[in-house]
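Structure first, commentary second.
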Amino acid sequence: MKLYAVKLLTVTCEILAQKDVIEILKKHGITGYTTYEVDGNGARGIRGQGFKNEKNVKIEIIMREDKLQDVVEEISRTLFADFATVLYVSDVSVVRAEKF
Amino acid sequence: MKLYAVKLLTVTCEILAQKDVIEILKKHGITGYTTYEVDGNGARGIRGQGFKNEKNVKIEIIMREDKLQDVVEEISRTLFADFATVLYVSDVSVVRAEKF
Amino acid sequence: MKLYAVKLLTVTCEILAQKDVIEILKKHGITGYTTYEVDGNGARGIRGQGFKNEKNVKIEIIMREDKLQDVVEEISRTLFADFATVLYVSDVSVVRAEKF
Amino acid sequence: MDILQLIQSNLLTPVILFFLFGIIAARIKSDLKIPEAISEFLPIYLLAAIGLHGGIEMRNTGFENMLIPMLVAICLSLLFTLNHYQILRRLGNLSIFDSYALASTYGAVGAVTFSVGLSFLKNQGVASEGYLAAVLAVLEPVAFILAIFLTNMAVSKQIRTKKQSFVKDNASGIDVGFQETRTKLSQILHESITGKAIVILLGSIVIGYVIGESGFASIKIVFDDMFTGAIVIFMIEMGIVAGQRLDDIKKVGVFLTAFAVIVPTFNGVIGVLVATAMGLSLGGAVMFGLLLASASFIAAPAVLRHAIPQANPSLYITSALGITFPYNIIVLLPVMFTVSTFVHNMEGSIDLFHYVLKDWV
Amino acid sequence: MDILQLIQSNLLTPVILFFLFGIIAARIKSDLKIPEAISEFLPIYLLAAIGLHGGIEMRNTGFENMLIPMLVAICLSLLFTLNHYQILRRLGNLSIFDSYALASTYGAVGAVTFSVGLSFLKNQGVASEGYLAAVLAVLEPVAFILAIFLTNMAVSKQIRTKKQSFVKDNASGIDVGFQETRTKLSQILHESITGKAIVILLGSIVIGYVIGESGFASIKIVFDDMFTGAIVIFMIEMGIVAGQRLDDIKKVGVFLTAFAVIVPTFNGVIGVLVATAMGLSLGGAVMFGLLLASASFIAAPAVLRHAIPQANPSLYITSALGITFPYNIIVLLPVMFTVSTFVHNMEGSIDLFHYVLKDWV
Amino acid sequence: MDILQLIQSNLLTPVILFFLFGIIAARIKSDLKIPEAISEFLPIYLLAAIGLHGGIEMRNTGFENMLIPMLVAICLSLLFTLNHYQILRRLGNLSIFDSYALASTYGAVGAVTFSVGLSFLKNQGVASEGYLAAVLAVLEPVAFILAIFLTNMAVSKQIRTKKQSFVKDNASGIDVGFQETRTKLSQILHESITGKAIVILLGSIVIGYVIGESGFASIKIVFDDMFTGAIVIFMIEMGIVAGQRLDDIKKVGVFLTAFAVIVPTFNGVIGVLVATAMGLSLGGAVMFGLLLASASFIAAPAVLRHAIPQANPSLYITSALGITFPYNIIVLLPVMFTVSTFVHNMEGSIDLFHYVLKDWV
Ligand SMILES: Nc1ncnc2c1ncn2[C@@H]1O[C@H](COP(=O)(O)O)[C@@H](O)[C@H]1O
Ligand SMILES: Nc1ncnc2c1ncn2[C@@H]1O[C@H](COP(=O)(O)O)[C@@H](O)[C@H]1O
Ligand SMILES: Nc1ncnc2c1ncn2[C@@H]1O[C@H](COP(=O)(O)O)[C@@H](O)[C@H]1O
Ligand code: NA
Ligand code: NA
Ligand code: NA
């Protein structure tokens with residue numbers, strides 16, 4: 001079974017910024033992603049106590065390398081200043097490269 | 001502390017396919033895994049609204065490279081057609097390689 | 001957008017060991033991490049049924065390579081014997097290397 | 001009260017209004033949502049309440065009379081399931097998998113529908129036989145088992161045919177196929193009868209029977225007085241989920257939409273008539289009809305997704321939850337109530353039939 | 001009962017005591033926590049109960065009288081929001097974003113505060129006009145919309161100025177900016193009026209109106225009798241969250257702390273007087289005052305974080321939840337009650353004003 | 001009613017039956033589960049209800065009489081913990097860690113067991129002293145603190161011995177060890193007295209005391225009338241969790257199984273007798289005995305896993321939840337009730353002892 005190299009982009013951000021991230025993905029023609037709520041600690045303090053809106057969410061997107069740069073650039077530009085956000089990129093292999 | 005290279009297989013699928021994936025793992029002698037519920041979007045539309053059965057689950061399995069091919073092959077063959085499923089493989093390092 | 005290589009340490013352990021892991025991180029000057037509850041199976045049996053205290057938690061820490069060895073060593077030394085724990089390290093790239 | 005008036009007065013109960021409200025909330029894309037833990041807990045609570053109530057009733061009235069209605073319900077459910085399959089496969093031209101999945105979805109019963117039925121009767125001030133909770137429990141797996149059995153037969157026949165034409169010599173392969181089918185079948189059987197709905201329902205019936213009215217007193221406020229309020233909360237969530245699926249109805253198509261309305265009506269009215277013939281009360285006949293009319297949309301996916309993974313779940317969930325459920329609780333309940341009232345007023349002839357039937361057994 | 005006695009007797013009710021308890025639990029770093037699903041569900045439940053109750057009342061008393069109080073509330077809310085902005089920007093020297101965010105947080109209403117107000121009145125054996133639930137629903141988005149509109153205006157003016165000075169030739173860029181602002185505004189408008197709080201509240205008011213007292217009977221135990229108990233549970237969580245934020249009050253500063261106490265007092269007392277002038281009952285005037293005094297700490301972040309992301313959420317959440325909320329429910333409610341009692345006893349003059357007002361309309 | 005009859009009638013209450021049902025559901029591998037949020041919330045609710053009730057009672061009856069029973073309970077709890085340790089270490093040959101962990105698990109108290117005890121007494125129409133809720137709160141950390149202290153002593157002695165024999169010169173190492181032990185101890189002390197169970201219980205007692213009967217009226221339906229219903233729901237989950245652990249009982253072994261039955265019986269009966277001697281009522285003596293008989297299975301792991309991580313949690317959870325809990329609520333409660341009834345009927349001699357004791361204090 002041949003595996004194909006693609007990129008996995010992971011964005012950890014405030015739950016209220018999730019919509020913005022997905023909007024950006026959509027703008028770049030990406031509709032596949034996985035999300036889940038997480039707690040966390042970082043420069044903006046502990047998150048995940050108290051109201052649900054103060055939790056974080058992780059958004060994971062498997063994508064081809066060619067879209068990565070633009071997406072990362074737009075998320076950094078529009079969200080880093082105002083929202084608690086961390087993103088990282090890793091290398092993964094998939095079976096059906098055409099799916100992404 | 002020496003770290004040993006192993007593989008991390010991640011399967012994101014319908015919650016109702018979880019049992020099938022774990023069955024396959026067991027068949028290949030793998031009993032260690034981590035699971036958690038997630039939401040998602042993909043070719044089969046948004047998942048995670050509505051009934052709990054319509055959520056997704058992520059199953060993460062640290063394993064040695066030699067079993068990887070067979071497991072990936074069997075999951076692809078038996079689940080890709082009927083269930084919303086995405087899988088990817090990444091390289092990770094662990095302390096106790098003998099554990100996996 | 002330039003990406004910088006850092007390390008991602010992932011610790012999967014009993015929920016009651018979370019505090020110990022975070023204590024260790026703090027000792028090494030690390031305050032950024034992401035956590036979420038997961039279920040699992042491993043050498044210590046199925047975890048995640050029954051009482052909440054018997055669930056697992058995943059703790060993910062993006063960090064620079066230079067601290068990695070010490071943190072991994074201390075977690076292994078202090079927790080592996082008494083708690084259900086698995087840890088692994090992966091390579092990821094981030095935008096703001098100075099943040100970690 | 002004539003039928004339209006009855007529909008209208010039913011429409012204006014909190015249970016129905018909050019369901020419609022949920023649909024609207026979903027349609028205007030509100031972020032309103034009943035938290036998952038609550039909407040997972042409520043069906044368990046509702047089934048426990050139904051079961052306790054049923055068990056207590058059975059202690060009061062005995063369960064000798066239960067046997068015939070139970071058997072009749074099982075037979076009707078099996079017959080209906082086969083009938084659904086024929087309609088879906090022949091008239092609807094659906095795939096064999098979708099046909100069996102839908103046939104059993106409509107052959108099975110809906111616990112939520114049953115709850116709404118009970119609160120409808122409460123509202124009308126009419127009682128129903130307690131043992132119908134037991135019929136609900138028993139009926140739940142019946143249609144699934146039949147459908148799964150038939151699907152597996154069909155699949156292994158296909159495999160066998162293929163095998164025979166291509167690899168004449170490989171007989172053991174067929175045996176393996178058979179073996180697998182049987183294993184899978186027993187596994188799914190186990191799954192569906194240990195499913196949470198059946199387990200909590202049967203358990204509560206037994207407990208209700210054991211504790212009786214007096215033992216129930218200390219928990220009556222939670223398991224009886226709060227029942228309708230709890231349904232109302234659950235109906236908000238049901239409405240939201242149904243509302244989110246409304247777009248999918250287009251994909252369901254005209255045929256299946258018609259099926260999702262006509263078949264429950266047919267099953268339900270037959271159910272009312274048969275129940276009346278067996279001597280069930282006015283309310284009991286309505287609930288009996290509702291059992292046969294209702295389609296399963298919570299238990300179904302859990303079982304069918306494993307049993308018939310090739311079937312498209314959005315077909316059976318959408319038609320059962322998005323079309324049949326609202327139709328059943330808004331329109332069909334009042335219709336069946338009217339029919340039941342009507343046939344219970346011409347008691348003579350029916351009772352006659354009843355005695356005949358009793359003599360015959 | 002004089003005002004201090006009233007504050008004391010209010011302090012010793014379960015609702016307030018469990019709130020204080022929650023604060024203490026958080027301060028001693030206990031791991032006590034109401035599970036997320038429960039604390040997400042409770043506001044939905046409380047709003048449904050408030051709405052149903054309001055709707056039923058409106059059916060009893062008609063809603064002709066609702067129009068003027070509603071319009072007056074909207075006007076006051078808008079005026080107050082503008083006033084807050086001036087205070088915050090001029091006196092407080094806060095950034096334009098923080099000023100607008102805080103202005104609308106205090107211009108908006110707090111549903112939890114409203115619930116506590118209702119239970120306070122219940123405790124005093126005093127009723128209030130049912131239509132105030134509708135005012136609550138309508139008031140919720142008003143302040144946000146104004147603040148968001150003004151912020152967007154301010155931002156696009158800034159952008160325009162920048163553009164004009166730097167890239168004289170690029171006129172279409174401004175248009176795009178305007179376009180974006182308008183899109184964003186309409187989007188946020190949609191978001192805030194389909195927000196769960198408003199939707200469940202309006203829905204329940206309509207349903208309450210439709211079903212009336214008699215339709216409510218079957219769900220009264222859940223949606224009425226359990227109301228205060230449910231508030232108590234929610235107040236534990238509110239106390240915990242407020243307690244966790246107590247450290248942040250230092251960051252809020254002296255100016256904002258004073259603002260968070262003085263402004264609600266001013267708004268609330270004005271509210272009581274105006275409401276009395278409009279002929280609202282003793283309890284109704286208190287609730288009207290409370291609407292204007294309360295600050296939003298659940299709906300606010302959800303809307304403002306998108307609408308004015310540049311504003312620091314910990315400023316508006318901490319001051320609204322950590323300072324204003326406790327102050328409102330512990331001190332201001334009894335104060336407004338005393339004021340309302342006082343002005344309702346000198347009825348003559350007020351009624352006069354009322355008739356004048358009525359003639360005028 | 002003789003003892004077997006009492007056990008039987010207890011067995012047939014909803015609380016016990018739903019517990020057994022939960023066990024069965026787990027054994028047949030049903031997917032039935034009470035959602036986590038609900039099963040995390042229920043103990044908080046139950047403790048709040050117990051606390052409020054206890055506080056109100058204490059307001060009615062004063063808490064002068066509380067001191068002696070409280071002190072006696074603490075002493076007995078400490079004595080029993082030491083006794084458990086000896087039995088486990090000497091007779092059972094368990095490791096020092098497992099011995100201390102188990103000793104304190106059985107020295108501590110079980111809040112769920114206490115709730116079931118209250119509902120058992122309610123069923124028998126017998127009251128108990130309100131201040132026992134306070135004893136419950138105080139007793140919770142006592143056994144842990146002793147066990148943790150002793151474990152830490154033992155461990156640092158071990159370390160010291162090692163150090164002395166190997167690295168004679170390194171004295172500061174020992175000091176560090178001591179220091180660490182002390183830090184850890186104070187940390188665990190803080191953790192266990194700010195644990196959610198104690199905090200909500202103490203808080204509710206105080207609030208109950210402050211509000212009294214009249215302040216409680218508005219929340220009585222939630223915190224009193226619904227109590228038994230809520231226990232029933234929680235018992236389903238307890239049954240499921242216990243059922244899932246039934247396989248582990250094999251690993252627990254014969255010795256520990258016997259320990260898990262005999263020790264609670266001994267502690268409980270002693271408790272009943274001592275309580276009767278101190279003048280507690282029939283029901284109060286049963287609850288006092290239950291406090292001493294019960295083992296902790298929710299608070300224990302949370303504290304012990306940190307305090308004595310070397311101990312095997314499945315030993316203490318399985319024996320406390322899988323063996324002692326069912327035994328206590330099904331068999332030992334009726335036994336203690338019978339004993340208490342018996343000794344309360346031979347009042348003369350007991351009262352004598354009581355007066356003697358009173359004189360002595
Ligand atoms: N070093 C890190 N490793 C993993 N997650 C992090 C790290 N730093 C921050 N995060 C996550 O990103 C969120 C926002 O981070 P920040 O903007 O630094 O507050 C935090 O709440 C964490 O969930
Ligand atoms: N590109 C992607 N990146 C991350 N997760 C994905 C992606 N595509 C699909 N998924 C996940 O896999 C599930 C099934 O995908 P699909 O079969 O395409 O509907 C989705 O619900 C998502 O949770
Ligand atoms: N091979 C594996 N792959 C992924 N997660 C694992 C694996 N083995 C163990 N785990 C996780 O680590 C936890 C503790 O493992 P253990 O100490 O082996 O019981 C388990 O409950 C799983 O959540
Ligand atoms: Na049916
Ligand atoms: Na306001
Ligand atoms: Na004990």
Side-chain angles (χ1 to χ4, degrees), chain D residues 34-49 51-53 55-56 59 141 187 189-227 229-230 298-299 302-303 306, chain F residues 8-42 45-46 49 115-116 118-125 220-237 239-240 243-244:
Chain D
I34 303 296
E36 201 180 287
I38 309 286
S39 54
E40 251 182 85
F41 174 65
L42 283 172
I44 297 173
Y45 162 81
L46 294 177
L47 287 164
L52 285 169
H53 183 258
I56 294 169
R59 184 195 178 101
Q187 196 183 320
L189 197 79
H190 177 263
E191 240 167 65
S192 72
I193 62 175
T194 62
K196 49 187 156 198
I198 296 185
V199 165
I200 185 77
L201 191 52
L202 283 181
S204 305
I205 291 173
V206 171
I207 294 176
Y209 190 88
V210 170
I211 60 175
E213 209 89 59
S214 68
F216 187 60
S218 63
I219 56 173
K220 184 172 175 302
I221 189 163
V222 169
F223 287 100
D224 186 8
D225 300 347
M226 289 173 57
F227 187 67
I298 297 186
V303 174
H306 274 120
Chain F
Q8 193 192 340
S9 95
N10 179 39
L11 200 59
L12 301 188
T13 55
V15 171
I16 304 297
L17 287 172
F18 271 105
F19 176 70
L20 296 176
F21 162 72
I23 292 181
I24 294 169
R27 297 316 296 167
I28 61 171
K29 301 212 175 306
S30 167
D31 62 344
L32 182 69
K33 209 186 142 16
I34 304 296
E36 200 181 286
I38 309 286
S39 53
E40 252 182 83
F41 174 65
L42 283 172
Y45 162 81
L46 294 176
S115 312
V116 176
L118 286 181
S119 98
F120 171 85
L121 287 187
K122 226 181 198 177
N123 225 33
Q124 303 295 332
K220 185 174 176 301
I221 189 162
V222 170
F223 286 101
D224 185 8
D225 301 347
M226 287 172 59
F227 187 67
T228 311
I231 293 181
V232 156
I233 294 166
F234 194 54
M235 291 303 275
I236 298 176
E237 178 69 11
I240 293 172
Q244 286 165 344

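A note on names: the letters A, B, ... follow the listed sequences, proteins ahead of strands, and every chain is numbered from 1.
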Q. Is any side-chain heavy atom of D/I44 less than 4.5 Å from a side-chain heavy atom of F/I233?
A. no
Q) Does any heavy atom of chain D fall under 4.5 Å from the side chain of F/F18, the backbone, both, or neither of them? A) both
Q | Interchain contact, F/I24 with chain D, by part (heavy-atom threshold 4.5 Å) | A | neither
Q) Does any heavy atom of chain D fall under 4.5 Å from the side chain of F/K33, the backbone, both, or neither of them? A) backbone
Q.
What part of D/F41 gets within 4.5 angstrom of chain F, counting heavy atoms only: side chain, backbone, both, or neither?
A. both
Q. F/F234 and F/Y45: aromatic ring centres closer than 6.0 Å?
A. no
Q. With sequence neighbours left out, what residues match F/I221 under side-chain contact (heavy atoms from CB on, under 4.5 Å)?
A. D/I221, E/I221, E/D225, E/M226, F/D225
If you look only at distance, which donor and acceptor atoms sit under 3.5 Å apart when one is on a side chain in residues 196-207 of chain D and the other is two or more places apart or in another chain?
unit_1 : atom_1 : unit_2 : atom_2 : d
D/S204 : OG     : D/I200 : O      : 2.7

